[in-house]
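I have placed the structure first, in the form of structure tokens, so that the comments after it can refer back to it.
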Amino acid sequence: MHHAPFVVHRILPSGGRRVSLLVSGHDEPLGLARSDADVIEFLRRADVPDPDEIVLGDSPLVEWTGGEPHRYDAEEPTTDLP
């Protein structure tokens with residue numbers, strides 16, 4: 001269960017992270033972020049004051065799930081295929 005109003009979801013296999021706004025207990029999608037700049041833009045469009053400080057700082061308004069914050073690239077496979 002998410003506790004922050006803005007959620008940056010796990011990294012997708014193709015790269016990037018979905019960003020959503022928690023409204024009345026369910027996620028409203030804001031877009032697919034491939035960088036912090038994208039997340040900042042989504043928050044700006046949602047009329048959040050000082051979105052850059054929220055994303056780049058340690059704000060309780062943003063929850064990063066399923067991986068390291070501020071990372072957007074999919075991991076390379078670690079096994080060699082024949």
Side-chain angles (χ1 to χ4, degrees):
M1 179 174 189
H2 304 298
H3 296 94
F6 294 96
V7 181
V8 182
H9 298 271
R10 65 179 176 78
I11 299 170
L12 297 173
S14 59
R17 299 173 90 142
R18 287 186 319 103
V19 180
S20 62
L21 172 62
L22 189 61
V23 178
S24 300
H26 62 278
D27 289 333
E28 292 292 327
L30 297 178
L32 178 67
R34 295 196 179 275
S35 68
D36 284 344
D38 291 341
V39 180
I40 291 167
E41 179 62 15
F42 297 146
L43 270 63
R44 187 193 65 75
R45 290 179 186 178
D47 293 326
V48 174
D50 300 319
D52 51 338
E53 292 178 23
I54 291 170
V55 173
L56 300 175
D58 187 23
S59 174
L61 297 176
V62 177
E63 180 178 348
W64 298 82
T65 64
E68 189 178 323
H70 311 287
R71 185 158 178 253
Y72 300 87
D73 295 329
E75 290 187 26
E76 294 293 324
T78 56
T79 59
D80 292 328
L81 297 175

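With hydrophobic clusters built from ILVMFWY side chains whose heavy atoms lie under 4.5 angstrom apart, Val7 does not share a cluster with Val19. Both Leu30 and Tyr72 belong to a common hydrophobic cluster when Ile, Leu, Val, Met, Phe, Trp and Tyr are linked at side-chain heavy-atom distances under 4.5 angstrom. Two different hydrophobic clusters hold Val8 and Ile11 under the rule that ILVMFWY side chains link at heavy-atom gaps under 4.5 Å.
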After noting the C-alpha distance and the side-chain angles of Asp27 and His9, does the key distance pass the side chain to side chain contact (heavy atoms under 4.5 Å, CB included) rule?
CA-CA 11 Å; Asp27 289 333; His9 298 271; 3.4 Å; yes
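Contact annotation: the side chain of Leu21 approaches that of Pro5 to within less than 4.5 Å [non-hydrogen atoms, C-beta and beyond]. Proximity of Leu43 to Phe6: side-chain heavy atoms (C-beta onward) are separated by under 4.5 Å at one or more points.
Not a single donor-acceptor pair under 3.5 Å links the side chain of Arg18 to the backbone N or O of Leu32.
Residues satisfying the side-chain contact (heavy atoms from CB on, under 4.5 Å) criterion with Glu68, sequence neighbours excluded, are Arg71.
Counting only residues at least two apart or on different chains, the salt bridge (Lys or Arg N to Asp or Glu O under 4.0 Å) pairs with a member in residues 36-45 are Glu41-Arg44, Glu41-Arg45.
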With a 3.5 Å cut-off and sequence neighbours excluded, list the donor-acceptor pairs that the side chains of residues 48-61 form with protein atoms.
unit_1, atom_1, unit_2, atom_2, d
Ser59, OG, Leu61, N, 3.0

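Using the six-membered ring where Trp is involved, His70 and Trp64 have ring planes that are tilted, between 30° and 60° apart.
The shortest non-hydrogen separation linking Ser14 to Arg34 is O-NH1, 3.8 Å.
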